Amino acid sequence: MVAAPSLADMTPTPPPSGLPPAAEQQYVAGVAAARAKEWSVAAAAFTRAVELNPTYAEAWNGLGYALRNQGKYAESLKAYGEALRLRPDYPDALEYLGEAYVRMGRLDDARRVLERLKPLDSGRARELSEAIARGK
């Protein structure tokens with residue numbers, strides 16, 4: 001079983017300049033629901049956040065995280081993809097994308113993500129490498 005990333009990693013970050021306050025409120029609600037492992041509630045909050053601000057990479061990443069934890073891997077890949085389209089070198093999204101690939105049994109894809117992640121965040125790269133080694 002792939003170890004879940006620390007929920008401390010999902011701590012809300014200060015909103016980018018100009019971010020609508022409602023989007024940030026939805027993000028914070030999503031983080032709180034994720035901490036409580038209320039995945040469908042978290043996914044709904046993150047969805048509202050990205051509807052309010054489609055350029056909110058952290059909310060897209062949170063949506064991918066909530067969807068992945070519901071076993072909705074294909075949907076989570078789309079959310080991580082959007083987070084990475086907005087922030088190509090986003091370590092959190094890369095790690096979570098890699099972990100989704102591991103859970104899907106797509107280890108070659110996970111290894112490619114790991115290579116992108118290594119120069120960005122050695123700690124997250126180590127976690128993803130361990131998940132790949134376990135193969136689940």
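Note that the structure is a prediction, hence the values are computed from the model and not measured.
With sequence neighbours excluded, no residue forms a side chain to side chain donor-acceptor pair (under 3.5 Å) with Arg126. With sequence neighbours left out, Arg48 forms a side-chain contact (heavy atoms from CB on, under 4.5 Å) with Gln26, Ala44, Ala45, Glu51. Under the rule for a side chain to side chain donor-acceptor pair (under 3.5 Å), the partners of Glu82 that lie at least two apart in sequence or sit in another chain are Arg85. The side-chain contact (heavy atoms from CB on, under 4.5 Å) test applied to Ala33 returns Glu38, Val41, Ala42, not counting sequence neighbours. Here Asp109 pairs with Arg106, Arg112 under the side chain to side chain donor-acceptor pair (under 3.5 Å) rule; sequence neighbours left out. For Glu130, there are no side chain to side chain donor-acceptor pair (under 3.5 Å) partners at least two apart in sequence or on another chain.
Under the 4.5 Å side-chain criterion, counting only non-hydrogen atoms from C-beta, Glu99 is in contact with Glu95. Counting heavy atoms from C-beta on, the side chains of Leu86 and Tyr56 never come closer than 4.5 Å. Using a 4.5 Å cut-off on side-chain heavy atoms (C-beta onward), Val31 and Phe46 make contact.
Of the possible donor and acceptor atoms, one in the side chain of Thr47 sits under 3.5 Å from a partner among the backbone N and O of Ala43. With Asn69 contributing its side chain and Tyr65 its backbone, the two residues share a donor-acceptor pair below 3.5 Å. No side-chain donor-acceptor contact under 3.5 Å links Tyr73 to the backbone of Met104. Using modelled atom types, one side-chain atom of Arg116 and one backbone atom of Pro88 make a donor-acceptor pair closer than 3.5 Å.
Here the straight-line distance linking atom OH of Tyr101 with atom OH of Tyr80 works out to 11.5 Å at 0.5 Å rounding. Separation of atoms CG (Leu117) and CZ (Arg111) is listed at 15.0 Å; rounding is to 0.5 Å.
Under 4.0 Å is where a charged nitrogen must lie from a carboxylate oxygen, and between Glu58 and Arg87 at least one such pair does.
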